[in-house]
Amino acid sequence: MRLALLFGSLTLAFLLVVWTTQTPKPRPADAPAVAFSAGRAMIDIQQIARAPHPVGSPEHARVRAYLNDRLTQLGLQVSEQAGPLSPASVKRLERAGGDPGAADNQAVNLIGVLPGKDREQPAVMLMAHYDTVVGSPGAADDSAGVSAILEAVRAIQARGPAERDLVVLLTDAEELGLDGARVFFGGHPLRDRIGAVVNLEARGGGGRAAMFETGREAGPTVQLFRRAAAKADGGTTATSIAAFMYERMPNGTDFTVPKDRGIGGLNLAFIGRPDQYHAANATPANLDQGAVQHLGSQALEAADALLRAPSLPGRDENLVYADIFGRWMIAHKQATGWVLLALAAALGGFAAWRARRGAGLTAKQVGLGALDGLWFLTGGVILLQATRLLAGPMSSRAASPDVYYTLLRRLPWMEAGAVLAIVALALLLLTGARRTRPRVTGGALAVLTAVALIVGGFSTVLLGLGVVAVGLSLWPGQERPQDERSAWGGWLGLIALVFVFGCALQGAAPEAALLFVWPVLLTATTAALAAMIDPSLTRPLGLLPSAVTTVLGGAWLAGIGHFVFLGVGMDLPGALALVALLVLLFARPLGPETRTARLMLFAAAACLIAGVGLNVSAQLLAPAPAVAEALP
């Protein structure tokens with residue numbers, strides 16, 4: 001019964017995450033005038049992304065003239081602004097085979113203004129860049145963003161006059177070094193009137209569009225976006241984790257420039273279909289129109305809400321927020337995390353009390369359960385880093401552009417391989433292999449650690465994790481995890497481990513702590529309910545709450561994990577181990593009975609072989625593509 005519940009709940013979770021990560025259906029060109037239509041936006045995309053148009057190329061001049069005409073047709077007051085390319089940008093373009101001299105070493109921005117009712121109020125800006133890298137038509141990056149802005153402006157006008165001015169900024173030379181944005185915010189007369197910016201970007205050719213960055217102290221802006229995004233087709237994908245992490249990464253978009261000037265706003269992008277990033281196949285025909293619909297619909301609703309608000313959102317404490325299956329967005333104050341952790345502790349304590357009375361739970365069992373979780377996390381990072389190397393070397397974009405773009409094509413195979421590999425490790429934990437086969441698991445993790453360090457490069461952190469994983473495998477005096485006490489101990493021990501992680505992160509980075517706080521609260525609630533139904537945790541009815549939570553919580557976490565892997569999976573695949581640990585938090589009580597342990601071991605071996613095979617096959621299935629020269 002446990003085995004059926006385990007695989008049944010995981011299968012349902014997988015189907016749910018597939019459904020919730022789909023893009024919305026694109027609206028046709030005859031959609032209502034007040035709505036965003038990907039069908040209408042595609043008309044502009046087909047014209048803009050007809051061919052590569054890097055700075056200085058004849059096609060670049062054609063696209064600029066086309067966009068000038070489109071902004072004029074929409075009734076905006078249109079002007080151009082030229083400014084110098086940075087020396088670094090000139091060198092990048094020359095290395096890529098472009099001709100900066102043909103553009104007089106200048107970036108040319110297009111600015112359009114749609115007057116509002118009160119022109120004294122701060123204006124709202126919609127921003128995207130219209131240049132591409134050499135060799136790529138850039139249907140997504142960033143023709144989709146530019147065309148989405150044109151369609152959003154049309155829809156805003158159809159909804160009637162707004163309270164304040166709308167400024168459209170189509171920047172130039174973003175691909176070279178954000179030069180167009182720096183030129184505008186460095187000296188344009190309108191720069192000091194901008195009160196909020198909505199920037200549109202893409203890295204790939206499809207997938208759901210995420211709101212991944214805000215201005216600083218953006219609590220009120222997030223609340224406005226939460227209400228606006230509820231009206232968007234497909235809802236939104238957004239977490240404060242992404243905003244927190246992106247703030248600390250070296251990456252940058254045009255939004256970086258106004259953000260550094262203290263201007264608030266939102267940054268939206270889709271990053272699916274990564275093989276199209278800066279590639280020759282980034283054509284309108286290959287573009288996911290559902291991604292355009294999702295990106296543009298969110299941009300429209302966010303900009304419209306800002307334009308019609310009595311006053312623009314001020315600055316206040318950043319909130320903790322996340323979408324739930326892309327349909328709802330929950331947000332709360334940072335300090336609320338401590339309240340949720342306290343509630344989790346109370347519920348977990350109640351479950352432990354019931355389990356002690358009903359199943360004879362001991363503190364040792366809980367401690368061993370916590371060690372199981374720590375072994376899974378450290379061993380998972382080692383396993384994922386080692387198997388990832390089979391798909392190609394670890395390489396940053398700046399260090400090796402050719403490898404970077406090749407690995408982007410292999411990313412879907414890497415993700416599938418990583419999921420199968422971490423499932424294999426989870427099955428080993430659930431069968432008690434860490435305790436019953438210490439030499440086998442310890443030796444295997446030692447070999448994997450050596451492979452990761454030798455092939456992937458030495459890392460003190462990776463070495464430390466490997467030592468911990470091997471040490472936990474060889475931990476003496478462990479018990480076989482086959483009775484109901486250890487079922488409770490494994491579950492509550494894992495809850496305690498994640499609770500400690502949650503407290504630590506709540507103190508250090510509350511915006512990111514929701515990744516621990518929300519799952520541990522959900523699991524503690526589930527454990528308390530299960531303890532009330534069946535303190536022995538042996539009957540199917542007592543296991544049902546865990547199965548339901550595995551479906552819902554597992555799908556939610558898998559959706560986050562998918563977005564994380566698209567972002568950092570090439571160089572930090574071990575991040576998926578953390579997400580897997582949290583999924584395991586829900587499914588831990590569904591570990592199999594003794595009679596099915598051997599079957600689970602065979603399943604673990606099959607998953608590991610398949611995961612390794614997918615990473616190896618990636619090199620054959622996705623060879624080095626013909627892509628544009630990389631421009632940092």
Atom pair [atom1] ([X]) and [atom2] ([Y]), whose distance is rounded to the nearest 0.5 Å:
X	Y	atom1	atom2	value
Ile45	Leu150	CD1	CG	9.5 Å
Thr239	Met245	OG1	CE	10.5 Å
Gln276	Asn281	CD	CG	5.0 Å
Leu178	Ser89	CG	OG	8.0 Å
Ile149	Asp142	CD1	CG	7.5 Å
Gln506	Leu514	CD	CG	9.5 Å

Show me the pairs that pass ring pair (Phe, Tyr, Trp, His ring centres under 6.0 Å) and involve residues 175-201, at least two apart or across chains. Phe184-His188
Please tell me if the side chains of [X] and [Y] come closer than 4.5 Å, counting only heavy atoms from C-beta onward.
X	Y	value
Leu407	Leu411	no
Leu266	Thr214	yes
His53	Asp131	no
Ser147	Ile48	yes
His332	Leu340	yes
Asp172	Tyr130	yes
Tyr321	Met329	yes
Leu584	Leu582	no

Val183 vs Gln81, side chain to side chain contact (heavy atoms under 4.5 Å, CB included): CA-CA, chis, key distance, verdict: CA-CA 8 Å; Val183 167; Gln81 177 199 23; 3.5 Å; yes
Is it true that a side-chain atom of [X] and a backbone atom of [Y] form a donor plus acceptor pair closer than 3.5 Å?
X	Y	result
Arg27	Asp233	no
Arg164	Asp118	no
Thr236	Ala229	no
Gln22	Val18	yes
Asp179	Leu85	no
Asp316	Pro220	no
His129	Glu174	no
Ser240	Glu511	yes

Scanning both residues in full, the closest heavy-atom pair of Leu300 with Ala152 reads CD1-O, 3.7 Å
Ion pair [X]/[Y], N-O distance below 4.0 Å:
X	Y	answer
Asp141	Arg203	no
Arg40	Glu151	yes
Arg216	Glu247	yes
Asp192	Arg261	yes
Asp304	Arg159	yes
Arg227	Glu301	no

Would you say the side-chain atoms of Thr72 and Asp69 include a donor-acceptor pair closer than 3.5 Å? no
Hydrogens and angles aside, do Asp254 and Thr171 bring a side-chain donor and acceptor to less than 3.5 Å of each other? yes
Side chain to side chain contact (heavy atoms under 4.5 Å, CB included) between Thr237 and Met211, intermediate numbers included: CA-CA 6 Å; Thr237 297; Met211 191 282 285; over 6 Å; no
Do the ring planes of Trp518 and Trp556 sit parallel (below 30°), tilted (30 to 60°) or perpendicular (above 60°)? parallel
Ring-face cation of Arg327 near Trp19 (centre distance under 6.0 Å, axis angle within 45°): yes
Under the criterion ring pair (Phe, Tyr, Trp, His ring centres under 6.0 Å), which of Tyr246, Phe255, Phe563 is the partner of Phe212? Tyr246
Evaluation steps, side-chain hydrogen bond (donor to acceptor under 3.5 Å, both in side chains), between Asn267 and Thr253: CA-CA 9 Å; Asn267 207 355; Thr253 67; 2.9 Å; yes
